A.B. asks: 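Starting off with a structure, shown below.
Ligands are counted one by one from 1 in listed order, and the atoms in each one are counted from 1 as well. This one's a predicted model, so the numbers in the text were calculated from it and none came from an experiment.
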Amino acid sequence: MHTSTRSLLLLASIALTFGLTQCAKKTETAVLTTAPNVPPPIQRSTAAHVIVNLETREVTGTLSDGVQYTFWTFGGTVPGPMIRVREGDDVEFHLSNHPTSKMPHNIDLHAVTGPGGGAASSFTAPGHSSQFSFKAMNPGLYVYHCATAPVGMHIANGMYGLILVEPSGGLPSVDKEFYIMQSEFYTKGKFGEGGLQAFDMDKAVHEQPEYVVFNGSVGAIAGDKALKAKVGDRVRIYIGNGGPNLISSFHVIGEIFDKVYQEGGVKVSQEQVQTTLVPAGGSAMTEFRVDVPGTFILVDHSIFRTFNKGSLGMLKVEGPEDKNIYSGKQSDTVYLPEGGAIQSIKEAQEAQKPLSRDESIAAGKIVYTQVCMACHQANGEGMPNAFPPLAKSDFLMKDKQRAIRIVMNGLQGEVVVNGNKYNSVMPALGLKDADIANALNYVRNTWGNSAPDTITPAEVKALRK
Ligand SMILES: [Cu+2]
């Protein structure tokens, strides 16, 4: 070939390749994450061709301690993995239904502009794989879910997740991002009833779930699995609600959301928010800085759901205290309302006059009700395996000074009370000498206990080191 022709051809092919790469989008595969993890922020400043591979699977797993459930899932987890793409991306979606599935499944992504959000195009029989594509035109945080009939049942069994379409300019950077999804489960057995639980259609239709949970099971983000942050971190929570029925009143006890992107839109719609509504099939983004250490409880503030149905999560924050922001308990004093016998006790205390035996016992009853009763119970009988009894307690009555020290300093390690072992912790309560003396005079002379002598504040004082 003639040299000049060859170089011309070379030039043309360079131009062609260059031209192609200029207009064709870069192709990449989306990183999917299991809750509470969030895929990394998108660094690209241009749109791309993004491939998403998602598998539907039916798996038996734990709904609560000792309670099993056959979940229908995206990716083997409830909620399904979180997907993160950028505004303007072309998303090539592959949905595969595992051969062991008993049901066909599909996906309706609320981020899709098109009939069914992709549902009809992604309808997939067990052992099959479907493909469809959409342009992520609208930025925001969107729910996806299965929409195969009966739709309610597929959702109730666990088929939902979140897809974030990042605005082209990105979201403000934060230190920690978490993915949480609330949802309900309708089991034949009552909350906590053990064994493999079947789905109860009747309860679902009547919107009476036995379980309301974060991230698919009771305790999924509590205890050892609590979310973690450090003092000073800016935290963003991507909170979704799979429903299928209930609206969530999402709240973090002891925190205020500095910013809320209501309903998963991309605008900060409100600042300084205590509780934000998350609709069924909807979402929100909340941002806050954690300023003090401690455990912050995440709840659906429809509060029986939290304490009786499971919607309780934890955010554990570590770092230095800031007593200006939060002091901790500064004092615990006996509160004596005006009037009657109580008034004379109060006057005596203010005048620092010693109380008579009966007055001390009366004052001690108030201390007991306000401080001790929460653990040792109203009639002093305690609670098996947790709080030892004070009523007829051989341990209490045997050693007066030991009893004073316990109320002064707390107690831990094994103790035997009336023949039963307890190995738990009674915290130091920070009570004043007089309150300790009075409380002990009360418990040592009530519920069948009777002490020959009366403890005085001076006696308590003498035992302080
Ligand atoms: Cu399904």
A.B. asks: Heavy-atom distance under 4.5 Å between the side chains of T295 and I297, does that happen here?
C.D. replies: yes
A.B. asks: The Cu ion (ligand 1) and M159: any N/O/S contact shorter than 2.8 Å?
C.D. replies: yes
A.B. asks: Restricting to N, O or S atoms, which atom of H105 is closest to the Cu ion (ligand 1)?
C.D. replies: ND1
A.B. asks: Ring centres of Y144 and F74 under 6.0 Å apart?
C.D. replies: yes
A.B. asks: Among F191, F199, Y69, Y211, which one satisfies ring pair (Phe, Tyr, Trp, His ring centres under 6.0 Å) with F185?
C.D. replies: Y69
A.B. asks: Taking E166 first and then R84, would you say they form a salt bridge - that is, a charged N and a carboxylate O separated by under 4.0 Å?
C.D. replies: yes
A.B. asks: Do you know which N/O/S atom name in H154 is closest to the Cu ion (ligand 1)?
C.D. replies: ND1
